[in-house]
Amino acid sequence: MPIIAFYSKGTSLEVQNIWEKRLKFYLPSINLVPLLSEEAKLAKIALLWKAPLDNLNQLNKIKGLISLGQGVDHILNQNSIPENIPVVRIVDPYMARSMSHWVLLSVLNIIRETYDYFNQENKKIYKPRREKDFLSVKIGVYGIGAIGSVVAKDLSYMGFDVQGWSRTKKNIKTIKCFHGDKGFNELVNNSDIHVCLLPLTSSTINIFNKDTFAKMKKGSCFINAGRGEHVVEDDLLRSCKSRHVSNAVLDVYRIEPLPKNHCFWQQDNIRLWPHVAAETNPETAAKQIANAIKCIDNNIVPPNTVNRAIGY
Ligand code: NAP
Ligand code: GLV
C-alpha cells in the first residue's frame, strides 16, 4: 500500500494519528508521513488541508491529491498542479447536515433576536420583543451543491421560503431554483437573508461586493460559510456600519486565523466564528478517502474528482 503524505494546517501530530487509525480500518498497511518529511518524497498520494505546495515537484512519485475538506481552493489556488494529477475532494453527508445545523442556528439567532435577549438578560430586563413573522422571511442560498442543497431543503422544511442559486439549472422540490447572472440578481434583490455556500473559483471571487450589498433590501442579513474571498470585506463592513446590512454572520475570512486587529472584531452587528461551520469528521469521511486512495493507486479516476476546467 502506498505511502501517504499528510498535511493539515494548524493541527497536531495527533490529528495525523487519528486519520491513520481510521484509514487503517480500510487499508491496514497504509502509512501516513508528514508532507514536509524526507519519507514523503516516496509518497504517491497526499492528503492535504492548506498545505504549502510550492515544493510539490519534490514529490516526484505523486499520483493524486486528496483534500481533507469539501473545498479544493486551498489546493488549486496555490500552484499549477499538473492536469494529469487528479485532485479529489470529500463529499460527506455528515458535513452537509453539520453545515445545515450551523446555518439554521445563525438564521434563528437573527430571527429570534437571541443576542438582544442575551443583552436583556445581562441587564435583568424581562420584556418580550416583537416577534418576526418567519413566513415572511425569504432566504437565498448561493450554491446548492452537496452542502447547499441540504441546507436549502432543511430551511424549507423548517417553514422558510427558500430560493437557491447555482451555475447550472436545477430542479429541487420545495426550493425556487435560479441560475446564471439573472438568477443571481433575483436572489440578491429579493432575499431577506443571504447564505453563501459557494466554492471559491475565478467566477465567484469577490462576488459579494459594494454593488451586491447595495442591491440587497435594506435590513438584509448576510451569512457566509463559503470562503472569505467571496466577500470584499471593507464593503461588507461599510454596509454593516450603515445598517443597510443589519446583521452578518461569518465563519470564513480572507485571512485565517482572523487577525486580532481586524476591524470585524469591533463591529457589533457582525458575528464571528473560527471556520467551524462544518468540520471534516474522520469517522464519516475515512471510507471515501480510503476508496480514493485505492482508486488513485490503481490508476482509476476516483469519485468526487474535481473538474479542473470549472475549478470545483
Ligand atoms: P459543490 O457540491 O461543488 O456545490 C457548489 C455549488 O455552487 C453548486 O450548486 C454550483 O453550481 C454552485 N456554483 C459554483 N460556481 C458557481 C457560479 N459561478 N455561479 C453559480 N453557482 C455556482 O460544493 P459543496 O461541497 O456544496 O461545498 C461548497 C463550499 O462550501 C466549499 O467549496 C467550501 O468553500 C465551503 N465549505 C465550508 C465549510 C465551513 O466549515 N465553513 C465546510 C465545508 C465546505 P452547480 O450545481 O451548477 O455546479
Ligand atoms: C471546509 O471549509 C471545507 O472546505 O471542507
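Atoms within a ligand are numbered from 1 in the order they appear, just like the ligands themselves. Below, each value reflects all heavy atoms present in this structure, side chains not excepted, and no hydrogens, waters or symmetry copies.
Listed by chain and number, Trp49, Gly69, Gln70, Gly71, Met95, Arg227, His275 each place a non-hydrogen atom less than 4.0 angstrom from ligand 2.
Nearest to atom 19 (N) of ligand 1 by heavy-atom distance, out of Trp165, Phe178, Phe184, is Trp165. Distances from atom 35 (C) of ligand 1 to the heavy atoms of Gly71, Gly180, Gly226 put Gly226 nearest. Remark: among candidates Pro199, Ala152, Gly164, Cys196, the nearest residue to atom 7 (O) of ligand 1 is Pro199, based on non-hydrogen atoms.
Screening residues 195-215 for ring-ring contact (aromatic ring centres under 6.0 Å, His included) gives Tyr142-Phe208, Phe208-Phe222, Phe213-Phe222 as the qualifying pairs, with residues at least two apart or on separate chains. Each side chain to side chain donor-acceptor pair (under 3.5 Å) pair with one or both residues in residues 145-158, not counting sequence neighbours, appears once here: Arg97-Asp154, Ser100-Asp154, Ser156-Thr174.
The CH2 atom of Trp19 lies 9.0 Å from the CZ atom of Arg22; values are rounded to the nearest 0.5 Å. For the atom pair OG1 (Thr280) and CG (Leu68), the distance works out to 6.5 Å, reported to the nearest 0.5 Å.
Residue contacts with ligand 1 for His275 involve side-chain atoms from C-beta outward but no N, CA, C or O (heavy atoms, distance under 4.0 Å). Contacts between Met99 and ligand 1 below 4.0 angstrom, taking non-hydrogen atoms only, involve the side chain exclusively. The proximity of Leu198 to ligand 1, defined as any non-hydrogen pair under 4.0 Å, involves the side chain as well as the backbone.
Residues satisfying the salt bridge (charged side-chain N to carboxylate O under 4.0 Å, His left out) criterion with Asp268, sequence neighbours excluded, are Arg243.
Distances between N or O atoms of Ala225 and those of ligand 1 include at least one value under 3.5 Å. Polar contact with ligand 1: present for Arg227 (N/O pair, distance under 3.5 Å). No N or O atom of Thr204 sits closer than 3.5 Å to an N or O atom of ligand 1. Backbone and side-chain nitrogen or oxygen atoms of Gln70 are examined, and one is located within less than 3.5 angstrom of a nitrogen or oxygen of ligand 1.
Taking a cut-off of under 4.0 Å to the non-hydrogen atoms of Leu197, the atoms of ligand 1 that pass are 28 (C), 29 (C). Distances below 4.0 Å separate heavy atoms of Ser203 from the following atoms of ligand 1: 18 (N).
Remark: the backbone N or O of Leu187 is paired with a side-chain donor or acceptor of Ser191 at under 3.5 angstrom.
Annotation: cation-pi geometry not satisfied between Arg112 and Tyr117 (NZ/CZ under 6.0 angstrom from ring centroid, within 45° of ring axis).
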